[in-house]
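Take a look at the structure below.
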Protein chains: 2
Amino acid sequence: MVTRSEENYLKAIYHLGKQGTVAVSTNAIAEKIESKASSVTDMIKKLAEKNLANYIKYQGVTLTESGRLAAALVIRKHRLWEVFLVEKLNFTWDEVHDVAEQLEHIKSPKLVNELDALLGFPTHDPHGDPIPDKDGHYTPLKSVNILEVEPGNEGVLARVIDSSDVFLKYLNKNNLALGDTIKVLDFEPFDHSLTIETATKKMIISNAVAKNLFISQEL
Amino acid sequence: MVTRSEENYLKAIYHLGKQGTVAVSTNAIAEKIESKASSVTDMIKKLAEKNLANYIKYQGVTLTESGRLAAALVIRKHRLWEVFLVEKLNFTWDEVHDVAEQLEHIKSPKLVNELDALLGFPTHDPHGDPIPDKDGHYTPLKSVNILEVEPGNEGVLARVIDSSDVFLKYLNKNNLALGDTIKVLDFEPFDHSLTIETATKKMIISNAVAKNLFISQEL
DNA sequence: AATCATTTTTAGTCTCATCTAAAAATATTT
DNA sequence: AAATATTTTTAGATGAGACTAAAAATGATT
Ligand SMILES: [Mn+2]
Ligand SMILES: [Mn+2]
Ligand SMILES: [Mn+2]
Ligand SMILES: [Mn+2]
């Protein structure tokens, strides 16, 4: 059995190390999971013991094949629940994360698959993140960071990386939502900020914000 | 904060002691929760410490007002999730209990209330158990144990007490479901069994089974 | 290459929720 | 009312998961 805590560590390693294929440092995990390095070392040993992670002292962790699958299935649940909360229970995209963080640990294969069906087999969650299938696979949607877009070009907001409620509330406040068409007007070399235009207005977004916005451009 | 384990104890006390108003013994709780008496004593002290239970050594436990409310809200969640699983996710009534046992501990007031709305504010779960409202109140549906019914009379199966999957599978096997009309034909004094008649057939049910069936009789 | 800084691991402690075994209190029989 | 049986509590131990402080390893800088 994989415990709740173990699942959270698997997810962190998966996210930090390109699906767990690249070695992740103890400190990086500690920060992500808001714990201490010593706690992480303990847990990593346990994961290695259970053949979910590959661990060499002082050289970070990667996930084994089964660790990677386990992580992907937790992420699958997390994202399906997020869709459920938004589509069926009137949650906004900035309200779903904490509840999904709990729901992702519910154990019932039937529940996950039926939920998937109820929602019409969605491919992406409310933040544009792809939903892995039963085998842990997904095809990331073709989107590009808004900072890579040449001024003058436009695209549809397809994904936001930061799912924290502070960031999403900022987007709400500025009327930016998934699916909105955004045109890049100007890049400012001094502070790396960006002037963009939406259906409703023109605005300047900081580099910190821009880093989190991904748009898809139809060819 | 009330932990998952505390919630399970609150529920047990609530169920065993007429909503926690009547003193429940340490052993009774231990059996219900499948733990040991010594563990129960420990937990009861903790609940008393948190003002969720009234505890006098050697004299059992009752729930305080806030303990009763906390218990009722967990039960509310449990039963709403059961309805959700059956109504929306194609679970059968014998499959829901274990999953609901996990889901009942998810913390999010909005989630519960939206779920309630999605389901159309149901008053009973798939086993005929009443669903408490936000204040922990409910009106138990007027039903009578089938053993109290005079032979010759009939009623509609409205509630089953045992929600274990073995019992529910027994009912499935014999084509007995909530809402079915059941006529009591004969009571056997020797083993206290009962002969009943449904739309499809006549059958004998043991006293152990009969104890768990409640029917409502319209006047 | 030697020193200093950072990261990671180890050692030891804590809380929560459990358990077993023994002691104490209560309940039931004779 | 004693003796016996049962229930409940206490005492002490364990494992999971977290922490702090100190030691060890690695990495960076002179
Ligand atoms: Mn989580
Ligand atoms: Mn998301
Ligand atoms: Mn439970
Ligand atoms: Mn039920």
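Chain letters run A, B, ... following the sequence lines, proteins first, then strands; residues in each count from 1.
- Under the side-chain hydrogen bond (donor to acceptor under 3.5 Å, both in side chains) criterion, B:Asn172 pairs with B:Trp93, B:Asp94, not counting sequence neighbours.
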## Note on the structure
5' to 3', nucleotides 6-19 of chain D under a 4.0 Å protein heavy-atom cut-off (B base, S sugar-phosphate only, - none) gives -SSBB-----SSSB
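- Within residues 12-21 of chain B, no residue places a heavy atom under 4.0 Å from DNA chain C.
- The stretch residues 37-51 of chain A participates, sequence neighbours left out, in these side-chain hydrogen bond (donor to acceptor under 3.5 Å, both in side chains) pairs: A:Glu6-A:Lys50.
- Residue pairs meeting the salt bridge (Lys or Arg N to Asp or Glu O under 4.0 Å) criterion with at least one partner in residues 21-41 of chain A, sequence neighbours excluded, are absent.
- Contacts of A:Ser35 classified as side-chain hydrogen bond (donor to acceptor under 3.5 Å, both in side chains), with partners at least two apart in sequence or in another chain: none.
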Side-chain atoms of residues 207-216 of chain B: list all donor-acceptor pairs with protein atoms under 3.5 Å, sequence neighbours left out, distances to 0.1 Å.
unit_1	atom_1	unit_2	atom_2	d
B:Asn207	ND2	B:His192	O	3.1
B:Asn212	OD1	B:Asp162	N	3.1
B:Asn212	ND2	B:Ala208	O	3.1

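- Every residue two or more places apart in sequence or in another chain was checked for a side-chain hydrogen bond (donor to acceptor under 3.5 Å, both in side chains) with A:Asn145, and none qualifies.
- With sequence neighbours left out, the side-chain hydrogen bond (donor to acceptor under 3.5 Å, both in side chains) criterion links B:Lys142 to no other residue.
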